[in-house]
Protein chains: 2
Amino acid sequence: MHHAFKDRHTPLYTQAAMLLRHRITSGVWKKGEQLPVIEALMAEFGVARTTIRQALSLLEDEGLIQRARGRGTFVTGAREKPSWLTLDTSWATFLRTLEGNWSKLINVHDEIGYLDLEPGLGKPAAAYRVISRIHGSGDNAYADVCLRLDQRCYELAPKRFEAEFIIPVMESLDQITISSARQVLTIGVADFEVAERLEIAVNAPVGRLRRVLCDEEGTAIYIGDITYRGDLVRLEMNMNR
Amino acid sequence: MHHAFKDRHTPLYTQAAMLLRHRITSGVWKKGEQLPVIEALMAEFGVARTTIRQALSLLEDEGLIQRARGRGTFVTGAREKPSWLTLDTSWATFLRTLEGNWSKLINVHDEIGYLDLEPGLGKPAAAYRVISRIHGSGDNAYADVCLRLDQRCYELAPKRFEAEFIIPVMESLDQITISSARQVLTIGVADFEVAERLEIAVNAPVGRLRRVLCDEEGTAIYIGDITYRGDLVRLEMNMNR
DNA sequence: TCTAATAGTACCTATTATAGGACTTTACGG
DNA sequence: CCGTAAAGTCCTATAATAGGTACTATTAGA
């Protein structure tokens, strides 16, 4: 039994597949190269033929390998990943990356007395308009969005705020001044609701971004909670020295 | 029974435990709070009592919850995580957030002919010094780092580069000019190697940051590949409008 | 054609995971 | 003490996992 297979709550064949996958994706075995024969893997991992074959079957289903009776098992390469959707986090380019994307409204309601805002990010407004949406690009939903827009801002252009991307609209309105913009990213997994909305697996890795825009008085006029699909989205950051 | 867990190669109870664990560690359920009763979880997750109880048993073994017959199941936080480690991605504050953290050298070697650099991020240098490290804060390793430092820079202060955080050293050397700094963040899961180094579960969600620092000629004098623990680290970004 | 290499198949046994249902035990408040 | 809330236990049945053994089929090279 290979020392790495220590998780008693995951099947051996799943763990073996993980280790084999890692060796392929990390470059230990190159494309076109033959994997060790089943007998060798059995010996190395200390598991039965069944276990190795099940692991290899998983990898073949993913397109990482191809098995050939009489010849061996060969690395075919990682399945081609769809190209990343890159979202920039600098203000100027961020607005530009929204162009060409679509947005679908899920739900809108009012909220009074929202207090769940971390000190240092801003102070809550008296009332918010809560807008739930999905953002997408092409065929894919890439983000689940729940945002709070200060009711006073919302009332300046309600129809636009429900039909367009929020921040460009805010930018276009003279009565709204965005004085600071901060974001905090955490990394977690998709719960049931997000999984369904973004059409990903429960427990799939996601990025969670809280974005807070404040006016001159330090009032949070926009609080966005955005969940990005880890398999589709990458974030680009300029360090601006 | 219809349930939402899609991974056919991981037991349901393991997947359920993963989701429950995430809800606790991400703050959905606070310390002292009662979890929904078993019947409610059965209904929400679409699984049997046995499956829920097995998932809860895992979490109890980890000290995350305590189960009490007749009363309910409560978040104990006995294995409470240190509060979020916040890393800022703006240059000035980024350097400051490194203070107080520790670094452990894993491996150092030379590399010639590195080409795996995406156009737009910079052009590769002729030779790099590859430094593998773990970064930590207090008792916890929070990042697995594999960085490439242009050999010419490395030779300016080899002992310092192997003992200290790289970027502050680069900043302190007059002969090195950092002209641009870009970062790209993706979200994925920990593979075998990272899991072992950071002492997290294989497949735990992680953030992967590629950071590229270029000199005036556009040569990538530093290429850092940093894997952050999703359960410990959050990244703060200023939008700099 | 033959041999060696290698994966695939078949069959069996044993254990674990999963699921459903019913009943028991414990805790707490009135 | 009683009723309600909630976890714990037990039983049955099916499916999944894992290991072991032996034989078959395919491929490539001499």
Side-chain angles (χ1 to χ4, degrees), chain A residues 1-21 24 29 32-76 202-203, chain B residues 1-20 24 29 32-76 78 202-203:
Chain A
M1 182 76 76
H2 196 283
H3 73 273
F5 300 156
K6 49 189 153 181
D7 185 358
R8 292 182 295 112
H9 308 294
T10 299
L12 277 183
Y13 77 92
T14 303
Q15 292 182 71
M18 286 174 187
L19 182 51
L20 292 171
R21 186 185 294 117
I24 292 167
W29 295 320
E33 211 170 316
Q34 181 177 0
L35 265 64
V37 297
I38 289 180
E39 298 286 342
L41 291 174
M42 284 164 65
E44 184 194 346
F45 289 1
V47 298
R49 175 185 300 275
T50 309
T51 308
I52 296 293
R53 286 185 49 69
Q54 279 177 302
L56 293 174
S57 184
L58 285 201
L59 297 187
E60 191 171 47
D61 290 345
E62 294 174 25
L64 279 188
I65 61 172
Q66 189 159 20
R67 296 188 282 179
R69 178 187 274 202
R71 293 198 299 120
T73 302
F74 299 85
V75 178
T76 53
V202 175
N203 286 328
Chain B
M1 182 63 82
H2 178 69
H3 59 77
F5 296 110
K6 294 192 177 164
D7 186 353
R8 293 182 294 112
H9 307 295
T10 301
L12 281 183
Y13 76 92
T14 302
Q15 293 181 67
M18 189 172 173
L19 185 54
L20 292 170
I24 291 167
W29 294 321
E33 213 172 313
Q34 180 175 1
L35 265 64
V37 298
I38 290 179
E39 298 285 343
L41 292 174
M42 284 164 65
E44 184 189 358
F45 287 20
V47 296
R49 173 186 300 277
T50 310
T51 308
I52 296 292
R53 287 185 46 70
Q54 279 177 303
L56 293 175
S57 183
L58 287 202
L59 298 187
E60 192 171 46
D61 290 346
E62 294 173 25
L64 280 184
I65 62 172
Q66 189 159 18
R67 297 187 283 180
R69 178 186 273 204
R71 294 198 300 119
T73 301
F74 299 85
V75 177
T76 55
V202 176
N203 280 338

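Below, each value reflects all heavy atoms present in this structure, side chains not excepted, and no hydrogens, waters or symmetry copies. Order of the sequence lines fixes the chain letters, A, B, ..., with proteins taken first and strands second; residue numbering starts at 1 for each chain.
- Looking at the side chain of A/I38, the nearest of the listed nucleotides C/dA7, D/dA18, C/dA19 is C/dA7.
- Between the side chain of A/T14 and the backbone N or O of B/H9, at least one donor-acceptor pair lies under 3.5 Å.
- With A/Q66 contributing its side chain and A/T73 its backbone, the two residues share no donor-acceptor pair below 3.5 Å.
- Between A/T50 and D/dT17 there is no side-chain N or O to OP1 or OP2 distance below 4.0 Å.
- What separates CG of B/L12 from P of C/dT16 is a distance of 18 Å, to the nearest Å.
- The side chain of B/R49 contributes no N or O atom lying less than 4.0 Å from OP1 or OP2 of C/dG21.
- In this structure, A/Y13 reaches the D/dT17 phosphate: one of its side-chain N or O atoms is under 4.0 Å from OP1 or OP2.
- In this entry the distance linking CD of A/Q54 with P of D/dA18 reads 6 Å, nearest Å.
- For A/R71, a side-chain nitrogen or oxygen approaches OP1 or OP2 of D/dA28 to under 4.0 Å.
- Checked by atom type and distance alone, the side chain of A/T76 pairs as donor or acceptor with a backbone atom of A/G63 at under 3.5 Å.
- OP1 and OP2 of D/dA7 both lie 4.0 Å or more from every side-chain N or O belonging to B/R53.
- The phosphate of C/dA19 has OP1 or OP2 within less than 4.0 Å of a side-chain N or O from B/T51.
- A residue-by-residue look at A/R69 and A/H9 shows that A/R69 has its nearest nucleotide of DNA chain C further toward the 5' end.
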